[in-house]
Amino acid sequence: MLENRKHPVALPFLFLSEMWERFGFYLILGIFQLYLTDTARGGWGMDRATAADIFGTFIAFVYLTPFLGGLIADRKLGYSKSIIIGGILMGIGYIGLAVHNLTVFYLSLALICIGNGFFKPNISTLLGNVYNDDKYRSRKDIGYNIFYMGINIGALICNFFAAFLRNSIGWGAAFIAAGIGMFLGVIIFAIGLKHYKHADVRKPEQEGDMPLSRIFSVVFLPAIIVGVGAWFIPGNVFGSDSTDAFIFACIPVLFFFVSLLVKANANDRKPISALLAIFAVSIVFWAVFKQNGTALTTWAQYYTDREIPAAIEQPAKSLYLVETVQNKPDSVTAYDSEFRVIRDAAGKPEKVWGKVPYFQNLSPDRMPAEGSSISLFNTELFQSINPFFVLTLTPLLVAFFALLRKRNREPSTPSKIAWGLLISAISTLTMVGAVYVCSNGAIKASPWWLIGCYGIITVGELFLSPMGLSLVSKLSPARITSLMMGGWFLATSIGNKLSGILATLWDNYDNKANYFLVNFLLLGSAAAVIFLMLRWLNRIFKAYVK
């Protein structure tokens with residue numbers, strides 16, 4: 001029976017391991033800003049700008065560490081050992097977030113970043129290796145599609161667990177659930193070890209490869225030294241110590257990738273230059289896309305009508321998936337007209353006798369009777385919209401491109417990336433429309449605006465994200481493929497950090513439409529640049545990809 005299998009027996013083990021790992025990771029991201037800014041139920045009570053800065057720095061490092069973790073696994077540790085080590089570190093980090101201590105909080109974030117560096121790139125590589133068997137090789141793309149489904153199933157369901165646990169118990173329970181999910185993923189991976197032991201093959205250094213010691217000395221050591229120095233610069237050049245440290249630390253790394261281009265031979269120079277151009281525009285995409293955990297979470301929390309339809313209210317209540325707010329005065333945290341916490345001279349949130357902030361901009365015709373309650377969707381549930389659209393739209397997009405392929409009209413990979421940027425830019429215009437319809441937040445907007453925004457940008461993501469990874473694997477000169485894949489992760493990391501920087505500016509815009517217009521201009525400009533380069537990129541793509 002096993003001889004007739006269409007996919008390796010390893011696939012379900014790797015699928016479930018990745019699903020539970022992403023369950024924990026996206027659970028954390030869904031509630032991260034909410035926890036940092038919460039003043040009523042045991043959160044940190046930070047202002048939005050500080051929370052956005054921490055969020056951006058965290059997801060920046062999450063996408064920076066896989067470069068080094070992948071190289072260490074390739075050449076020293078092996079994939080299985082790296083995945084188990086990474087998973088354990090992440091699990092400890094998730095549970096550590098339940099401890100309400102600032103030192104433990106930052107140490108936990110560091111463990112998650114390091115653990116992700118060992119886990120994330122290596123489970124994907126191991127999956128590819130088990131499909132290198134001749135009887136499975138032709139189904140590798142399908143295998144990756146199934147694996148990608150696991151990622152999005154984890155991202156879809158985790159927010160329901162987060163809502164249930166923080167409604168019924170508290171923040172700590174949600175973080176512990178993320179850790180349990182991660183440990184469950186490690187256990188499943190360990191149970192299946194015998195099925196991929198043969199695929200755990202290290203790649204020793206070959207002629208032309210840059211040794212690990214040299215990569216560290218010319219890339220990471222200068223970055224660490226410059227970053228630490230920037231942290232201690234008096235004042236803040238870019239708004240905060242963490243932002244200064246990250247941006248300055250990137251300079252030696254960027255210089256290294258430029259030097260790869262300068263030193264490349266004539267044959268390698270064109271594909272490297274094309275990849276660096278793609279990296280540059282992808283930074284802008286991630287800078288906007290990753291605001292789902294910051295600016296769009298703020299929009300969902302304060303500017304979106306989250307009332308649950310009567311038809312599903314009771315089932316949702318029974319599952320603790322409901323945030324209940326009562327229309328009566330009480331001792332609550334004071335907010336200004338733009339939902340910024342009002343603080344006293346010592347910086348502590350002030351308390352006033354009034355109603356919860358949700359009622360501050362609720363349309364009069366939606367206002368419940370004095371003293372009665374209404375049930376709301378938890379804010380983090382909106383984070384499940386993107387993975388839902390990924391799961392539902394991916395088959396449609398695959399079928400669409402298959403149809404175009406049959407007619408010899410399928411766009412090239414660079415063209416798909418260009419269209420992805422343009423489609424993503426349109427998603428920001430959806431939010432501009434939402435701002436105007438709700439009179440700049442004077443009344444709450446329909447949730448369909450946010451759902452529409454997520455739907456459109458998900459299409460952009462599906463055009464761009466998988467295509468970027470595909471382009472790196474196809475265009476990179478063989479001897480530096482790992483380094484160029486690291487360049488893709490670096491671009492994602494920089495974009496993630498920029499998303500946090502942009503989100504810190506939310507409160508600086510009196511008219512929120514201007515905030516989203518800035519995002520539109522960023523994405524629109526990046527799309528324009530790549531469309532102008534498209535003929536050149538397609539020429540290189542055709543010449544170097546067989």
Side-chain angles (χ1 to χ4, degrees), residues 1-23 65-91 114-151 153-154 181-212 466 469-470 472-474 476 478-486 488-489:
M1 186 174 177
L2 288 177
E3 285 74 14
N4 297 324
R5 291 183 65 93
K6 293 181 178 180
H7 294 278
V9 71
L11 179 60
F13 293 97
L14 296 176
F15 173 97
L16 290 170
S17 298
E18 177 73 356
M19 186 192 82
W20 283 111
E21 184 272 325
R22 290 290 93 179
F23 167 91
T65 53
F67 175 36
L68 191 55
L71 286 172
I72 292 172
D74 261 353
R75 302 183 189 179
K76 301 293 181 184
L77 280 178
Y79 303 121
S80 297
K81 192 180 292 184
S82 296
I83 291 165
I84 290 171
I85 291 170
I88 291 171
L89 290 177
M90 291 176 80
I114 295 167
N116 184 74
F118 282 109
F119 189 100
K120 185 63 179 169
N122 297 314
I123 194 166
S124 298
T125 303
L126 193 59
L127 177 70
N129 287 354
V130 299
Y131 273 90
N132 285 339
D133 188 312
D134 286 339
K135 61 183 175 181
Y136 300 126
R137 196 182 301 272
S138 65
R139 292 184 168 268
K140 182 182 281 193
D141 284 351
I142 298 172
Y144 270 108
N145 283 338
I146 295 170
F147 184 72
Y148 195 59
M149 289 290 188
I151 293 173
I153 290 170
M182 183 67 258
F183 288 130
L184 185 57
V186 172
I187 291 168
I188 292 169
F189 180 82
I191 292 172
L193 271 174
K194 63 182 179 182
H195 299 300
Y196 23 83
K197 188 176 181 181
H198 67 284
D200 191 354
V201 181
R202 274 180 268 179
K203 299 174 184 174
E205 284 179 24
Q206 299 182 12
E207 190 175 348
D209 284 348
M210 184 177 288
L212 266 179
L469 289 170
S470 172
V472 173
S473 65
K474 291 173 180 175
S476 296
R479 63 186 181 80
I480 58 167
T481 299
S482 292
L483 288 175
M484 297 312 291
M485 193 63 77
W488 174 260
F489 281 119

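Remember, predicted model here, so these are calculated numbers, not experimental data. Atom set for the values below is all heavy atoms of this structure, side chains included, hydrogens, waters and symmetry mates excluded.
- Of all heavy-atom pairs spanning Tyr136 and Val130, the tightest one is CD1-O, 4.1 Å.
- Atom-to-atom distance recorded for Asn129:CG and Tyr79:OH is 5.5 Å, nearest 0.5 angstrom.
- For the pair Ile72 and Phe118, the minimum side-chain heavy-atom distance is below 4.5 Å.
- The distance from atom CD1 of Ile88 to atom CZ of Phe119, rounded to the nearest 0.5 Å, is 11.0 Å.
- With rounding to the nearest 0.5 Å, the separation of CG in Leu89 from CE in Met182 is 10.0 Å.
- Interatomic distance, CD1 of Ile151 versus NZ of Lys120, reported as 4.0 Å (0.5 Å rounding).
- With rounding to the nearest 0.5 Å, the separation of CD1 in Ile84 from CG in Asn122 is 11.5 Å.
- The shortest side-chain heavy-atom distance between Tyr196 and Pro8 does not fall under the 4.5 Å cut-off.
- Taking CG of Leu11 as the start and OH of Tyr131 as the end, the distance is 4.0 Å to the nearest 0.5 Å.
- Of the residues listed (Ile123, Asn116, Val186, Ile83), the one engaging Glu21 in a side chain to side chain contact (heavy atoms under 4.5 Å, CB included) is Asn116, and it is the only one.
- For Pro121 against Pro66, the heavy-atom pair with the smallest separation is CG-O, 3.5 Å.
- By the 4.5 Å heavy-atom criterion applied to side chains, Trp20 and Phe189 are not counted as neighbours.
- For Ser17 against Gly185, the heavy-atom pair with the smallest separation is OG-O, 3.2 Å.
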Requested in this report: Please test Ile146 against Phe15 for side-chain contact (heavy atoms from CB on, under 4.5 Å), starting from the C-alpha separation and ending with a verdict.
Outcome: CA-CA 8 Å; Ile146 295 170; Phe15 173 97; 4.0 Å; yes
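- Annotation: side chain of Phe13 is in contact with side chain of Ile191 (closest heavy-atom distance under 4.5 Å).
- The two atoms that bring Ser476 and Met484 nearest to each other are OG-CB, 3.2 Å, heavy atoms only.
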